[in-house]
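Here is how names work: the chains are called A, B, and so on, in the same order as the sequence lines, proteins then strands, and each is numbered from 1. No experiment lies behind these values; they were computed from the predicted model shown.
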Number of protein chains: 2
Amino acid sequence: MQQRNADRTKARILAAAIEEFAARGIAGARVDRIAEVAGCNKAMLYAYFGNKDGLFDAAFSASVEQYLDEVGFDADDLPAYAGRVFDYFEAHPDRLRLSTWYRLERPHGQPLEAIVAVNQSRLDELQRGMRRRVVTRQFSAVSLLSLIQAIATSWSSMNPEYGADEPNATVRRRAVLMAVQKILS
Amino acid sequence: MQQRNADRTKARILAAAIEEFAARGIAGARVDRIAEVAGCNKAMLYAYFGNKDGLFDAAFSASVEQYLDEVGFDADDLPAYAGRVFDYFEAHPDRLRLSTWYRLERPHGQPLEAIVAVNQSRLDELQRGMRRRVVTRQFSAVSLLSLIQAIATSWSSMNPEYGADEPNATVRRRAVLMAVQKILS
DNA sequence: ATTAAACAACCAACCAGTTAGTTAGGCCCA
DNA sequence: TGGGCCTAACTAACTGGTTGGTTGTTTAAT
């Protein structure tokens, strides 16, 4: 095992950054802590990612890429898509937190191109589905996408005061799928 | 106009705190900035609210109280309830941000009693509605509440990369109401 | 095959500016 | 005149970011 390897170090920094940013957000994250978890010196973060914000962007982009890759999209079977979104965030709740923090803390001058492109391709696919009459035309494509996203992640947007009342993952998943089916009918 | 008035000062601190915390979260908020906006000395915040977290809790509680008061709840007409939720957060987007930050940043040892109480009363009301067959029994009460909440605030949970595609408030409101009706049918 | 130069990866220590929180005392009204 | 309201000034600790130098790795001429 080599002692010096830029790619390996970058990857470890990114992983540590995702963890720290997901837990505490941009303002709450501590660069020193990320460096420590990554097992390297703080100066490396600055060498590779410029500054704290640059590191967040890199970490979030990496996280999103993974997500898009794993979840995919399918206008022909939107309930299944919603199920995959639900499953992904059930398995990786930190990724949802990360994206929430992105919404809250990033001043959105230039949107991430990767996301813009994916958004557009999904809208297109939905609209094709509508023309082919396999997708309801009662909502606009954006509305539909937004509703499905919100439903699939509905549990994580609840206030935490429900606590004990919160049903288990299986029940919640069923509710999500049923809700999406009803929206589409 | 009197120059000294504890209640008035407290209220101005609270208002300034809501603004600052909504914009930047707990970690990102600056106590000095809150004091400046409130037009008083920083020491007053500490005299009245103990510390930064205490101030956040007070600000958030005040915000929630206002919200619960204004929006209310009605198990007999859930689409209308969803509409009111939508309208409230359309008019006060900062309140939604505040509650998101509460979810993300607050270590939930003791939940806010006010919220617990309201949650419970809503669940009870929903269950009564189910027994009276005016509310669908296809979902559990918690699931239903969670879904409606998510749908009513769905637009604010979207990633910001949609930008230009985002429809206007009227269209979005219609989508929310229709979605809730479909869920309930 | 050696070796020396060139380069890339890495780090300990430091810095200037910022932050939450405190203190000691002044001011105002009853 | 006394107690609650208010402030300027302060501090100890922390934070993002930098610097100057060290060490491992590759390259290429000998």
Side-chain angles (χ1 to χ4, degrees), chain A residues 1-62 98 101-102 104-107 109, chain B residues 1-62 98 101-102 104-107 109:
Chain A
M1 167 153 168
Q2 54 216 331
Q3 289 160 326
R4 297 184 162 216
N5 183 325
D7 288 343
R8 180 188 301 259
T9 304
K10 268 188 213 176
R12 287 169 60 183
I13 292 174
L14 239 32
I18 288 179
E19 192 182 323
E20 174 77 1
F21 283 126
R24 318 201 186 220
I26 301 179
R30 292 297 163 248
V31 173
D32 291 288
R33 216 180 283 140
I34 295 175
E36 196 194 324
V37 171
C40 72
N41 190 275
K42 191 172 37 156
M44 300 310 296
L45 317 192
Y46 288 93
Y48 291 139
F49 302 102
N51 57 27
K52 200 188 190 186
D53 283 347
L55 179 55
F56 178 85
D57 285 350
F60 180 58
S61 297
L98 199 63
W101 253 308
Y102 172 70
L104 288 178
E105 291 195 289
R106 225 54 252 259
Chain B
M1 166 154 168
Q2 54 218 332
Q3 288 162 329
R4 301 189 156 215
N5 183 326
D7 288 343
R8 180 187 301 258
T9 304
K10 268 189 213 176
R12 287 169 61 183
I13 292 175
L14 239 32
I18 288 179
E19 191 182 323
E20 175 76 1
F21 283 126
R24 317 198 187 224
I26 300 179
R30 293 296 161 249
V31 173
D32 291 291
R33 216 180 282 137
I34 295 174
E36 195 194 324
V37 170
C40 72
N41 190 275
K42 192 170 37 153
M44 299 310 295
L45 317 192
Y46 289 93
Y48 290 139
F49 302 102
N51 58 25
K52 200 189 190 186
D53 283 347
L55 179 54
F56 177 86
D57 285 349
F60 180 59
S61 296
L98 199 63
W101 253 309
Y102 171 69
L104 288 178
E105 292 196 288
R106 213 70 203 127

Using the side-chain heavy atoms of A6(A), tell me which of these nucleotides is nearest: dT7(D), dA9(C), dG21(C).
dA9(C)
d(L14(A) CG, F60(A) CZ) to nearest 0.5 Å is 13.0 Å
Whole Å only: how far is the CZ atom of F49(B) from the P atom of dG21(C)?
14 Å
How close or far is atom P of dG21(C) from atom CD1 of I34(B), stated in whole angstroms?
11 Å
Assign the ring pair Y102(A) / F56(A) to parallel, tilted or perpendicular, where the plane angle (0 to 90°) is split at 30° and 60°.
parallel
Value in whole Å for how far the P atom of dG16(D) lies from CG of D53(A)
11 Å
Looking only at side-chain atoms of R4(A), point me to the closest of dA8(C), dT22(C), dT18(D).
dA8(C)
Ignoring backbone atoms, establish whether T9(A) has a side-chain N or O less than 4.0 Å from OP1 or OP2 of dC10(C).
yes
With rounding to the nearest 0.5 Å, note down the distance linking CG in N5(A) to NZ in K10(A).
10.5 Å
To the nearest angstrom, the OH-P distance between Y46(A) and dC10(C) comes to 17 Å
One character per nucleotide, please: for nucleotides 12-19 of chain C, 5' to 3', B when the base has a protein heavy atom closer than 4.0 Å, S when only the sugar-phosphate does, - otherwise.
B------S
If I take atom OH in residue Y48(B) and atom C1' in nucleotide dT22(C), what distance separates them, rounded to the nearest angstrom?
17 Å
CZ of R24(A) to CZ of R30(A): how many Å apart, nearest 0.5 Å?
8.0 Å
If we only count heavy atoms from C-beta on, is the L45(A) to N51(A) side-chain gap below 4.5 Å?
no
Euclidean distance, atom CG of residue L45(B) to atom P of dT7(D) [Å, nearest integer]:
11 Å
State the CD1-CG distance between I34(A) and L55(A), to the nearest 0.5 angstrom.
5.0 Å
Selected nucleotide, minimal atom distance to M44(B) side chain, candidates dT23(D), dG16(D), dT7(D)
dT7(D)
Figure out the CG/P separation between L55(A) and dG17(D), and round it to whole Å.
10 Å
Atom of K52(A), atom of I26(A) and distance for their closest heavy-atom approach
NZ-O, 2.6 Å
Send over the distance from E36(A) CD to dC10(C) P, rounded to a whole Å.
18 Å
